[in-house]
Amino acid sequence: MMQSDAAHAQVLTTVDVVLLTLVEGVLSVVLLQRERAPYAGVWALPGGYIHAQEDADAQASAARVLRSKVGIEGTYLEQLATFSGPARDPRGWSVAISYCALIPQQQLPAHRSDLKIVPVGAVGQLPFDHGQILQAALARVRSKSQYSSLPVYFLGESFSLPQLQQVYESILGEPVNKVSFRRKMDELGMLEPVPGAMQAGGAHRPAQLYRVRPEFRQQLALTARGL
């Protein structure tokens, strides 16, 4: 093998996934306990090597990591950025293609000692450059929530408009005007009422339940103006 070929063979290629959810209105990230060195036993973002013989592309690698290591599939998944260099991994020069995934909390596996959900503001130190990857994901999600339907992926199959507004507010970290919010939802055109489905409102009137229109379940609805 030529020297240049040997150098290329030493580059590690992985995917890392920032899996975000909401817990009682608090934006949180899912961490896994690493099984092997480096950083064995340390909490980190889900990740793994690209399987060249198995994965069609990097997104397929990320989906496989979520399926095999976290036990979920079919969640919203978006490529975030590429992180690379000789210092990010003690095993050597590496390239990590990072992804951001959003999921309702109830769809996460329960009672796993190797999995924990941590508020994004209380994560602390993460191995590799996972702290930088997490911050990039948070900036992306908060920015995109201003002008897209991205936050719907934190909710289940059906939800009320007040529930959806609370999700937007949790992500953006500030109150959203009710009238402006509902106008924006109309502009996005992503929702349809669930026929005959209402949410009991206690002392308030029952609220109509909505779901995402089929054409927007795999792609975002966008508007020119932010909230």
Side-chain angles (χ1 to χ4, degrees), residues 17-32 43 45-46 66 70-72 74-78 80 99-112 115-124 126 130-131 133-188 190-191 193-194 197-212 216-217 220-223 226-227:
V17 184
V18 179
L19 180 56
L20 296 173
T21 191
L22 283 173
V23 180
E24 297 181 354
V26 177
L27 190 58
S28 302
V29 63
V30 177
L31 301 178
L32 284 178
W43 296 97
L45 300 176
L66 289 177
V70 185
I72 62 171
T75 188
Y76 178 79
L77 188 61
E78 176 180 312
L80 183 62
Y99 284 81
C100 183
L102 311 182
I103 190 171
Q105 183 190 3
Q106 61 268 28
Q107 292 183 14
L108 287 166
H111 311 300
R112 286 259 310 259
L115 181 153
K116 68 177 180 178
I117 306 172
V118 184
V120 296
V123 171
L126 293 174
H130 287 189
I133 297 174
L134 173 59
Q135 291 306 312
L138 295 177
R140 169 76 62 84
V141 168
R142 286 167 176 154
S143 173
K144 238 173 179 177
S145 295
Q146 291 275 359
Y147 61 88
S148 80
S149 59
L150 187 71
V152 300
Y153 295 107
F154 286 113
L155 291 166
E157 183 69 21
S158 61
F159 45 84
S160 67
L161 287 178
Q163 286 177 320
L164 182 57
Q165 181 173 339
Q166 288 174 2
V167 170
Y168 271 86
E169 291 175 341
S170 295
I171 297 169
L172 298 174
E174 60 185 14
V176 175
N177 178 270
K178 179 180 176 180
V179 174
S180 298
F181 174 77
R182 300 205 171 194
R183 185 184 303 120
K184 184 61 62 178
M185 294 305 103
D186 288 340
E187 291 176 9
L188 287 168
M190 63 179 177
L191 302 179
V194 181
M198 306 291 287
Q199 178 190 46
H204 304 284
R205 291 185 304 170
Q208 173 68 52
L209 293 180
Y210 291 83
R211 63 191 173 202
V212 178
F216 292 114
R217 289 173 189 168
L220 297 179
L222 306 173
T223 61
L227 282 171

- prompt: Any sub-3.5 Å donor-acceptor pair from Thr75's side-chain atoms to Leu102's backbone N or O?
  reply: yes
query: Taking Pro46 as the fixed residue, which of Leu32, Leu115, Ile72 is the one that meets the side chain to side chain contact (heavy atoms under 4.5 Å, CB included) rule?
result: Leu32
task: Kindly indicate, with the supporting measurements, whether the criterion side-chain contact (heavy atoms from CB on, under 4.5 Å) is fulfilled by Arg182 and Leu161.
output: CA-CA 8 Å; Arg182 300 205 171 194; Leu161 287 178; 3.8 Å; yes
- prompt: Is a side-chain N or O of Gln163 found less than 3.5 angstrom from the main chain of Ser160, in a donor-acceptor match?
  reply: yes
- prompt: Which atoms form the tightest heavy-atom contact between Met198 and Pro206, and what is the distance?
  reply: CE-O, 3.5 Å
- prompt: Roughly how far, to the nearest 0.5 Å, is the NZ atom of Lys144 from the CG atom of Leu222?
  reply: 7.5 Å
For residues 17-31, which side-chain N or O atoms pair as donor and acceptor with protein atoms under 3.5 Å away, sequence neighbours left out?
| from | atom 1 | to | atom 2 | distance (Å) |
| --- | --- | --- | --- | --- |
| Thr21 | OG1 | Ile103 | O | 2.8 |
| Thr21 | OG1 | Gln105 | N | 3.1 |
| Ser28 | OG | Val26 | O | 3.0 |

statement: All heavy atoms of Gln146 vs all of Leu172, minimum pair found to be NE2-CD2, 3.7 Å
message: Just so I know, are the side chains of Leu155 and Pro104 near enough to count as touching, which here means a heavy-atom distance under 4.5 Å?
response: no
message: By the ring pair (Phe, Tyr, Trp, His ring centres under 6.0 Å) test, which pairs, at least two apart or in different chains, include something from residues 143-163?
response: Tyr76-Tyr153
statement: When rounded to the nearest 0.5 Å, the distance separating CG of Leu220 from OG of Ser145 is 9.5 Å
- request: Quick one: closest heavy-atom pair of Leu209 and Ser158, and the distance?
  value: CD1-OG, 4.1 Å
statement: salt bridge (charged side-chain N to carboxylate O under 4.0 Å, His left out) filter on Glu169, not counting sequence neighbours, yields none
